[in-house]
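Report on one structure; see the data block that follows.
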Amino acid sequence: MAYQRWIHSNTSVFNIGYYLIWCPKYRRKVLVGDVEIRLKELLYEKADEINVQIAKLEIMPDHIHAFVKTRPINAPHYIVRQLKSYTARV
């Protein structure tokens with residue numbers, strides 16, 4: 001999904017963005033080095049699979065900030081569940 005300010009479908013025009021933040025268990029500082037690089041790859045891979053665009057992604061040592069753009073059919077809890085479960089499992 002290429003970046004556009006307004007996205008058009010057959011019956012609607014929308015611009016939906018969600019700001020998501022989550023952290024590892026006990027907020028441990030494990031998101032550094034190779035883990036950070038692999039995590040970015042996995043997040044972009046899964047976002048592409050579920051048709052969500054990651055507009056901005058920042059990975060800190062103990063938490064993640066992601067601004068995602070999506071269609072109205074994807075609820076925020078669905079996006080978070082998909083991204084977190086995929087990266088945890090892989």
Side-chain angles (χ1 to χ4, degrees):
M1 188 161 72
Y3 177 76
Q4 302 172 17
R5 177 161 174 110
W6 300 103
I7 301 169
H8 302 268
S9 71
N10 291 339
T11 58
S12 61
V13 177
F14 53 88
N15 181 12
I16 298 176
Y18 297 115
Y19 184 63
L20 310 172
I21 304 171
W22 71 90
C23 59
K25 190 171 184 178
Y26 305 121
R27 206 165 175 112
R28 292 196 172 124
K29 299 180 188 319
V30 295
L31 305 176
V32 293
D34 292 338
V35 175
E36 177 184 4
I37 294 166
R38 181 67 173 141
L39 180 60
K40 280 184 183 179
E41 292 172 1
L42 291 173
L43 287 172
Y44 282 112
E45 182 180 306
K46 186 61 178 182
D48 189 42
E49 183 182 315
I50 62 172
N51 200 19
V52 170
Q53 177 197 9
I54 298 178
K56 185 73 175 164
L57 178 68
E58 288 293 326
I59 299 179
M60 306 297 174
D62 62 344
H63 63 284
I64 298 168
H65 294 264
F67 183 72
V68 299
K69 302 196 64 74
T70 187
R71 299 187 168 277
I73 59 171
N74 292 335
H77 69 88
Y78 169 77
I79 297 168
V80 171
R81 184 179 64 207
Q82 292 294 312
L83 294 175
K84 287 180 69 174
S85 66
Y86 182 72
T87 56
R89 186 175 60 251
V90 174

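Counting from 1, the numbers follow the sequence of the chain as shown.
One distance of note links NZ of K69 with CD1 of I79; it measures 11.5 Å at 0.5 Å rounding. Atom OH of Y44 and atom CG of L83 lie 11.5 Å apart (nearest 0.5 Å). Note that the NZ atom of K46 and the OG1 atom of T87 stand 10.0 Å from one another [nearest 0.5 Å]. Interatomic distance, CD of E58 versus CD1 of I64, reported as 11.5 Å (0.5 Å rounding). Taken from CD in E45 to CD1 in I54, the straight-line distance is 11.0 Å, to the nearest 0.5 Å.
Taking hydrophobic clusters as Ile, Leu, Val, Met, Phe, Trp and Tyr residues chained together by side-chain heavy-atom distances below 4.5 Å, I59 does not share a cluster with I21. The cluster map of Ile, Leu, Val, Met, Phe, Trp and Tyr, joined by side-chain heavy atoms under 4.5 Å apart, puts V35 and L57 in the same cluster. Under the 4.5 Å side-chain heavy-atom criterion for ILVMFWY residues, a single connected hydrophobic cluster contains both W22 and V68. Taking hydrophobic clusters as Ile, Leu, Val, Met, Phe, Trp and Tyr residues chained together by side-chain heavy-atom distances below 4.5 Å, Y18 shares a cluster with I50. Placement of L39 and M60 in two distinct hydrophobic clusters is found when ILVMFWY residues are connected by side-chain heavy-atom separations under 4.5 Å, directly or transitively.
For K84, there are no salt bridge (charged side-chain N to carboxylate O under 4.0 Å, His left out) partners two or more places apart in sequence or in a different chain. Qualifying side-chain hydrogen bond (donor to acceptor under 3.5 Å, both in side chains) partners for R38, counting only residues two or more places apart in sequence or in other chains: E41. For H65, the ring pair (Phe, Tyr, Trp, His ring centres under 6.0 Å) partners at least two apart in sequence or on another chain are Y19, H63. Remark: S12 engages S9, F14 in a side chain to side chain contact (heavy atoms under 4.5 Å, CB included) (not counting sequence neighbours).
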(message) Could you walk me through whether R71 and I7 satisfy the side-chain contact (heavy atoms from CB on, under 4.5 Å) test, starting with their C-alpha distance in whole Å, then the side-chain angles of each, then the deciding distance to 0.1 Å, before giving a yes or no?
(response) CA-CA 8 Å; R71 299 187 168 277; I7 301 169; 4.0 Å; yes
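Listed by first and then second residue, the salt bridge (charged side-chain N to carboxylate O under 4.0 Å, His left out) pairs involving residues 17-27 are R27-D62 (not counting sequence neighbours).
In the hydrophobic clustering (ILVMFWY side chains linked at under 4.5 Å, chained through shared members), V90 is joined by L42, Y86.
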